[in-house]
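Reviewing the structure listed below.
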Amino acid sequence: MIENKGERDGMLGNWRRTHFCGDIWKYSYGRTVVVAGWVHDIRNLGGVAFLQIRDRTGSLQITLEKSTIPEIFDALVGLSRESVIMVEGTVTENPQAPRGFEIIPGKVKVLAESAVPLPLGVADKVFAELDTRLDNRFLDLRKREIYSIFKIKHEILDGMIRGLHGLGFVQVQTPKIVATATEGGTELFGVDYFDNKCYLNQSPQLYKQMLMGAGFDRIFEIGPVFRAEEHDTVRHLNEFISIDIEMSFADEWDAIDVLEKVVRIAVERASECRNEIESINDGRKTLNKLINKVNMNIGVQNKRIKKDNQRLKAAGEELKPLLKPKEKYDALDIKPIKKTVLSYMDNYNEEEAKKSGMPRVKYEECIDIAQRKRVAVEFGDDLSMEAMKTIEEVYPSYYFITHWPTEIKPFYVQPYENTPEVCRSFDLNFGSKEITSGAQRVHDISLLESNLVEKNLDPKNFDFYLAPFRFGMPPHSGWGLGLERLMMVLTGMRNVREVVLFPRDRYRVIP
RNA sequence: GCCCCGAUGGUGUAGCCCGGCCCAUCAUCUCGGCCUGUCGAGCCGAGGACACGGAUUCAAAUUCCGUUCGGGGCGCCA
C-alpha cells in the first residue's frame, strides 16, 4: 500500500466522498456518509430547508433544521444553485423524504459558489434550445438525462471492444494527419504541416488495408475521422468517431457476421442501462410549446383571480383560490416519448434474433420496394431519402443492404465474379438511417488498376495506395461504423449533436 | 451546394397576418420578505427583452431592403 505522505491541508483537507448520491439506500440508514456535488435546488420553508445535492448518479435531500443546526442552516440556505459543496451527515430514514431517507448534516464544506444568473438553468423547468445548450455545454452536461447519453455511449463502446477482442480483433491506432486523400472524392481539411500541406484523414481505410498486407489479420480502430463536406443536417458532423474493422481471408458475409454480433452487443448493453434510458425519457416527456400554452393560459387566469381578490378583500368577502401548478401540469396530456432502444428491445427475443438475425436485403429488392411506392428510382441510382423512407416501412429495424451496383461504389470494392455489375458492398441501416458501410475489398492489383481507369482516375495518383498490393495482399473485408449514428438509434435522438460532447459542424467549433 | 423558415429579458415564449389600444404577455429565473415537511413547494413584492443597419409612415416589435446569427428539408455521406 502506498502511503500518501503529502499533507492534506488544501481546500479538500481530509474530506473524501464515501458515497455517490445514487448509491445510498436502505443499507446505509444510520450511517455517517460524505457526499459531494452541486446544489440542485434549495427550498427554504423558514424553520426548515431542503437542499437537493446532485452528482452524476442522481440527487438526494439534505434536510436543514434551523433550530438544531443554525450555523449549517445559515451557511447553506443562502447558496446559489450549482454551487459545489461536500456534506458529512447521517443517513436518516424518513418516509416524508423523497427517497425515503434524508441526510442530517453534521459538517459541511462549501467548495465553490456559483455565479448568478446561470446562462443555462440546470434545474429550470423550461427547456433550452439545442444551440443555447451547446453554447453552454458544461452546464447542459450537468443534467442527468444528458449525462445518461454519454454513460450509454461508454457502455456500448466497452461492449463492442470486448466483443471484437473476443472475436480475435486487435486494436490499433493509425495517423490522422496524412499527406493525401486515402479514398479520393470527399473534401478534406487542409493542415499546415511545417513547410508542407497535409490533411486530416477522412477514413483509416488505407491503413487498415496496409495492416492486412502486414499480416495483422483482424484489426479494429476507434478514432476520429474528418470530412470537410459542407453538409448541414441533423445527422452530419465534420468530426465524428468511426469504429473500423478489417479482416483477412474473409468476404463481405464474414464482415457482416462480425458487424451483426457487434451491433447486437451494443443494443444489449444499451438496453441494460435502464436507469439512463428512464432518465432520458423523463427529461424529454414534456414539450415547451405545450407548457407555454398552459402556463400562459393559467398565468392569465391567476392574474384575473388576483385582481378579483383585491376587490373581494376590500369588500370583506371570501377570496378565490389561485390555480395550482399541480392542476397546471395535470392539464397537460403528455405521453413520454418512446425511445427506440426500448421499442426495439421490447420486441427483441434473443433466441429468435440468433435464428433469424438482421435481414440481408438485396439492393434490387430495395429498388422494388421504392418503385412499388411510386418513387422514381431505378437500378444504378443511389437510394435517396425518399426511397429509404419507403424501405423503412418494410424494414423498420436493423437490416443489411447487399449486392450494390458496382458503378456507384468506390474502385476498391470487389465485384461479384460472375455478375460484375453488382459488388460485395453492404450497408447496415436502421430504418432509413445508414449506420455502417463496408465491403470486401479488391486485393488483386491488376483489377484495382483497371478499376481506377474505368472510374476515370489516374493510377499514378494512387501509387501510395497500390504499393502494398504488389507484395502479397490477402483477400480482406471490413467496415466502418459511425458511432454517433448508432447512438442516435439507441437513444432515439433526432439530432446527432445530442450524442457528441462538443460537436463540430460547419458553423460550430466552440466550445 | 439548393429550397423553405425564424430572431422579443439569463431561459422558453405571447403579440406580428390586420402598424396606434405595447414605457410589450405568461412561465421559468434572479433578488428581497413570510412560512418547520418541501418533494414540478406556496404566498407577497421587485428586476430584466423587441438581433444589427437602413427605408416607408404622423406613428414600426409588427411592413420593406440589407447584414449577422440560428432552425428545418434535400443532396452527399457514416
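The structure displayed is predicted, hence computed values, not measured ones. Note on naming: letters A, B, ... go to the chains in the order of the sequence lines (proteins, then strands), and numbering restarts at 1 for each one.
- Taking the P atom of each, B:A27 and B:A46 are spaced 13 Å apart, rounded to whole Å.
- Ranking B:C77, B:G70, B:G10 by closeness to the A:Asp131 side chain, first place goes to B:G70.
- In this structure, the nucleotide among B:A78, B:G12, B:C74 sitting nearest to the side chain of A:Thr233 is B:C74.
- Here A:Ala97 lies in heavy-atom contact (under 4.0 Å) with a base.
- Here the C1' atom of nucleotide B:A78 and the CG atom of A:Leu383 are 15 Å apart, to the nearest Å.
- Of the candidate nucleotides B:U38, B:A78, B:G37, B:U38 has the atom nearest to the side chain of A:Pro98.
- Between the CG atom of A:Asp140 and the C1' atom of B:G12 there is a distance of 14 Å, given to the nearest Å.
- Distances shorter than 4.0 Å separate none of the side-chain N or O atoms of A:Lys303 from OP1 or OP2 on B:U25.
- Taking the P atom of each, B:A60 and B:G20 are spaced 11 Å apart, rounded to whole Å.
- Pair assignment for B:C22 gives none, since no Watson-Crick or G-U wobble pairing has each distance under 3.5 Å.
- In this structure, the CG atom of A:Leu481 is 14 Å from the C1' atom of B:C77, given to the nearest Å.
- Nucleotide B:U56: unpaired (no Watson-Crick or G-U wobble partner with both distances less than 3.5 Å).
- Here the nucleotide nearest the side chain of A:Gln61, chosen from B:C31, B:G37, B:C76, is B:G37.
- Partner assigned to B:U13 is none, using Watson-Crick or G-U wobble distances below 3.5 angstrom.
- Residue A:Leu45 is in base contact, counting any heavy-atom pair closer than 4.0 Å across all strands shown.
- Taking the side chain as every heavy atom from C-beta outward, A:Lys143 and A:Val122 approach each other to under 4.5 Å.
- Across all strands, A:Leu130 comes closer than 4.0 Å to no nucleic acid atom at all (heavy-atom distances).
- One N or O donor and one acceptor, one from the side chain of A:Ser67 and one from the base of B:U36, sit under 3.5 Å apart.
- Distance check on atom P: B:C22 versus B:G33 gives 34 Å, rounded to whole Å.
- The side chain of A:Pro119 lies closest to B:G10 when the candidates are B:C74, B:U25, B:G10.
- Not a single donor-acceptor contact under 3.5 angstrom links the side-chain atoms of A:Asp124 to the base of B:G12.
- Comparing the P positions of B:C23 and B:C50 gives an interatomic distance of 14 Å, to the nearest angstrom.
- Closest contact between the side chain of A:Arg235 and the listed nucleotides B:C39, B:U36, B:C74 involves B:C74.
- Atom NZ in A:Lys433 sits about 11 Å away from atom P in B:C74, given to the nearest Å.
- Counting non-hydrogen atoms under 4.0 angstrom, A:Val496 reaches nothing in the nucleic acid.
- Annotation for A:Lys153 and A:Val499: closest pair NZ-O, 2.8 Å, computed over non-hydrogen atoms.
- Computed from coordinates, the A:Ile222 CD1 to B:A78 C1' distance equals 15 Å when rounded to whole Å.
- Base pairing annotation: B:U36 forms no Watson-Crick or G-U wobble pair, as no partner gives both donor-acceptor distances under 3.5 Å.
- Here the side chain of A:Asn44 is nearest to one of B:A41, B:C35, B:G75, namely B:C35.
- For the P atoms, the distance linking B:G66 with B:U28 amounts to 40 Å, nearest Å.
- Comparing B:C44, B:G72, B:C31 against the side chain of A:Val234 picks out B:G72 as the nearest.
- Both geometric conditions, a ring-centre gap below 5.5 Å and a plane tilt below 30°, are not fulfilled together for A:Phe50 over the base of B:G37.
- In summary, the side chains of A:Glu82 and A:Ser114 do not present any donor paired with an acceptor at a separation below 3.5 Å, with no hydrogens or angles considered.
- Ring planes of A:Tyr465 and A:Phe411: perpendicular class, angle over 60° (limits at 30 and 60°).
- In terms of phosphate contacts, A:Arg494 brings a side-chain nitrogen or oxygen within less than 4.0 Å of OP1 or OP2 of B:G73.
- With respect to the salt-bridge test (charged N to carboxylate O, under 4.0 angstrom), the residues A:Arg54 and A:Asp41 do not qualify.
- Nucleotides B:U56 and B:C4 are separated by 27 Å at their C1' atoms, to the nearest Å.
- Here A:Arg43 reaches the OP1 or OP2 of B:A41: one of its side-chain N or O atoms lies under 4.0 Å away.
- Going from the C1' atom of B:C16 to that of B:U25 covers 14 Å, rounded to whole Å.
- The side chain of A:Arg81 places an N or O atom within less than 4.0 Å of a non-bridging phosphate oxygen (OP1 or OP2) of B:C29.
- Nucleic acid contact for A:Gly299: sugar-phosphate only, since backbone atoms but no base atoms lie under 4.0 Å from a heavy atom of the residue.
- Between the P atom of B:A78 and the CG atom of A:Leu188 lies a distance of 14 Å, rounded to the nearest Å.
- Base pairing analysis places B:G6 opposite B:C69; the two distances defining the Watson-Crick or G-U wobble pair are each below 3.5 Å.
- The side-chain heavy atoms of A:Leu164 and A:Val258, taken from C-beta on, include a pair separated by under 4.5 Å.
- Between the side chain of A:Glu102 and the base of B:G37, a donor-acceptor pair under 3.5 Å is found.
- Between the CD atom of A:Glu82 and the P atom of B:U30 there is a distance of 10 Å, given to the nearest Å.
- Evaluation of atom-type donor-acceptor distances gives a pair under 3.5 Å for the side chain of A:Arg485 against the base of B:C77.
- Within the structure, a side-chain polar atom (N or O) of A:Lys389 is placed less than 4.0 Å from OP1 or OP2 of B:C74.
- Across the strands present, B:G48 finds no partner; the criterion is a Watson-Crick or G-U wobble pair with both atom distances under 3.5 angstrom.
- Under 3.5 Å, the side chains of A:Thr402 and A:Glu252 contain no donor-acceptor pair of N or O atoms.
- With rounding to whole Å, A:His40 atom NE2 is found 10 Å from B:G40 atom C1'.
- Contact annotation: A:Ser242 side-chain N/O to B:A78 OP1/OP2 distance is not under 4.0 Å.
- Using a 4.5 Å heavy-atom cutoff, the side chains of A:Ile24 and A:Ile103 are in contact.
- A:Phe400 and A:Met358 make their closest contact through CE1-CB, 3.9 Å (heavy atoms, listed as atom of the first residue, atom of the second, distance).
- With both pairing distances under 3.5 Å, B:A61 is matched to nothing as a Watson-Crick or G-U wobble pair.
- Side chain of A:Ser437, nearest nucleotide from B:A78, B:U11, B:G37: B:A78.
- Contact check, A:Ser203 against B:A78: no side-chain N or O comes under 4.0 Å of OP1 or OP2.
- Side-chain N/O atoms of A:Asp244 and A:Ser242 include a donor and acceptor closer than 3.5 Å.
- Atom C1' of B:G71 sits at a distance of 33 Å from the matching atom of B:C21, rounded to the whole Å.
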